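Scroll down for the structure; my scribbles are underneath it.
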4 protein chains.
Amino acid sequence: MSGTLNKVMLIGHLGDEVKMHYFEGGGCIGRFPLATNETYTNKQTNERVTNTEWHNIVVRNKAAEIFEKYVSKGDKVYIEGRIKTRKWQDENGNDRYSTEIQCTDFTFLTTKNESATGSNTQQGNQANPVGHKAEPINHKPEVDLPEDDLPF
Amino acid sequence: MSGTLNKVMLIGHLGDEVKMHYFEGGGCIGRFPLATNETYTNKQTNERVTNTEWHNIVVRNKAAEIFEKYVSKGDKVYIEGRIKTRKWQDENGNDRYSTEIQCTDFTFLTTKNESATGSNTQQGNQANPVGHKAEPINHKPEVDLPEDDLPF
Amino acid sequence: MSGTLNKVMLIGHLGDEVKMHYFEGGGCIGRFPLATNETYTNKQTNERVTNTEWHNIVVRNKAAEIFEKYVSKGDKVYIEGRIKTRKWQDENGNDRYSTEIQCTDFTFLTTKNESATGSNTQQGNQANPVGHKAEPINHKPEVDLPEDDLPF
Amino acid sequence: MSGTLNKVMLIGHLGDEVKMHYFEGGGCIGRFPLATNETYTNKQTNERVTNTEWHNIVVRNKAAEIFEKYVSKGDKVYIEGRIKTRKWQDENGNDRYSTEIQCTDFTFLTTKNESATGSNTQQGNQANPVGHKAEPINHKPEVDLPEDDLPF
DNA sequence: TTTT
DNA sequence: TTTT
């Protein structure tokens, strides 16, 4: 089966904090909304229009923990993943669909530490305490894997 | 605003014919479902599992007409585009969301003409009559589309 | 360092067979040229022009063995990877540069077996003996992850 | 011809200023090196290794002018384009090859204006004078360019 | 050196 | 609803 491709590449800003869910087996998942923008000029009115698109990002396990640790609302990230539409039933038993981006790779383009340089450090949120160098992270699953061990 | 990226790249098979809609101003739109597959081996049972993901593809104007003319159900295509989630109200006035892929570029990887070589020509569907050379097309529709808006 | 992206996505045809090199430690590497085409119409003469671009593809270990086994000259493949420019010295001691695409993911879009369906089987080339089902392969390193198990 | 794909996506930092070349017909071209990094841990020594890859970026016409105006050495950009290897002869008449990335789309992820906030403004470089709001730009240059006509 |  |  296959010979197909399902790939998404996004650069956008987190619209909220990463929400974590932990499972019994030790796995975990992180979720957050990501905003991308599209701007154009309306030909009729000649005014500038901006549309924001919201993407539901899902990150797993180690990657989820890295997200939770290093980025927060407002940060800019590069997300690579695949589209997955889940089907569920609402309270009336109707089929509903929800489309998510399952993250397979990512790069942090800013972190709160950077944008919080100076006076912008909020009280009560010391997840990234000052002094910790939250340098941008380029997490590439490939990098860690012995690349060679593919089960084929 | 902006400094963002919203890009999707898919290789998959059309699950149905392209459905066209024509507008008064002369524009048109084509829609079709595209299937991508993901296969993996269930670690517990060691059996091969395939999941099919369905994507709602939307193509516009000249590009839509090319799709309608050259590809049909079962054909394999490369689609590049962006994710767009539309909001609508169902009959009960509840908010509903539908995620589409707005096609900005494409390449045909097969066409019915190819796969129909020989005896496989269905009756009643002569959109691509035998003898017409339906060569793969590598079209960049951005060029034509009233993306209008670019500030240059 | 980092927070960067180096990604290449190609769909093209193998210009030659996969050349394998085996290393002492047990690793191996496969190399082959991949052709992509760009066509446009010369505005002055109104004639159709095609340019072929040749890419030096490098595949490693298990992936290399899969390539050698399943595809050959003329086959169409999807290649995902990263750009790497190697520096070397020519016989005169001058610096030379050679740019390669290091493959990190791939999908076979045709295989000789497919195109050889029927009478087209060449004598003397039984790398893919008839009867062997050379199904397209969608190698995704992610495939190993328990992507399947979470209730979301 | 065709049914192929030649796509590159980079996020990296400009290694130098954009060098402009103007042609008689009114067209122009901008060139600059872009650095991407790859980091991994050496399994033997357990030390962190960083490799920098340099890409030769080529931008045309309007897009080139925007690059020259808004970004400079050190800025981070997203570049989308295609790979092109040019053949040329060195002084000894030997064939040489040079691989470039022809930019077809881009997004500025930082601009000097941003990174120069505060005291970091260098003397002698007022291309982006303070007070000018150099907001990130998301431009799709394909639309305008004759893509075909320049002798590179 | 590929492909249409 | 596709494909292998």
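Only a predicted model underlies this, so the values are computations on that prediction, with no experimental measurement involved. All chains are named by letter (A, B, ...) in the order of the sequence lines, taking the proteins before the strands, and each is independently numbered beginning at 1.
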In whole angstroms, the gap separating P of F:dT1 from CG of A:D95 amounts to 15 Å

key: Distance-only side-chain donor-acceptor flag, A:Q89 / A:D95, under 3.5 Å   = yes

Rounded to whole Å, the CG-C1' distance (B:L109 to E:dT2) equals 15 Å

Pair C:T36-C:H55, side-chain donor/acceptor within less than 3.5 Å:
yes

Near-parallel close stack of C:W54 and E:dT1 base (under 5.5 Å, under 30°) | yes

Ring centres under 6.0 angstrom apart (C:F106, C:F67): yes

Atom CG of C:D75 and atom P of E:dT2 are separated, to the nearest Å, by 13 Å

Checking E:dT3, F:dT3, F:dT1 against the side chain of B:H13 (C-beta onward), the nearest is F:dT3

- Query: Counting any heavy atom closer than 4.0 Å, what does B:T52 reach on the DNA or RNA strands: base, sugar-phosphate only, or nothing?
  - Reply: base

In whole angstroms, the gap separating C1' of E:dT2 from CD1 of C:I79 amounts to 13 Å

The nucleotide from F:dT2, E:dT3, F:dT1 with an atom nearest the side chain of B:D16 is F:dT1

Winner on side-chain proximity to C:A35, out of E:dT1, E:dT2, F:dT1, is E:dT2

Among the nucleotides E:dT3, E:dT1, F:dT2, whichever has the atom closest to the side chain of C:N37 is E:dT3

Could you tabulate the donor-acceptor pairs under 3.5 Å formed by side-chain atoms of residues 28-35 of chain C, not counting sequence neighbours?
| from | atom 1 | to | atom 2 | distance (Å) |
| --- | --- | --- | --- | --- |
| C:R31 | NH1 | C:E100 | OE2 | 2.9 |
| C:R31 | NH2 | C:E100 | OE2 | 3.3 |

Quiz item: With no hydrogens and no angle check, do the side chains of C:E38 and C:Y40 hold a donor and an acceptor under 3.5 Å apart?
Solution: no

Rounded to whole Å, the NZ-P distance (C:K73 to E:dT3) equals 8 Å

From CZ of B:R31 across to C1' of F:dT1 the rounded distance in Å is 16 Å

Separation of F:dT3 atom P from C:F108 atom CZ, nearest Å, is 22 Å

Atom CZ of B:F32 and atom C1' of F:dT1 are separated, to the nearest Å, by 13 Å

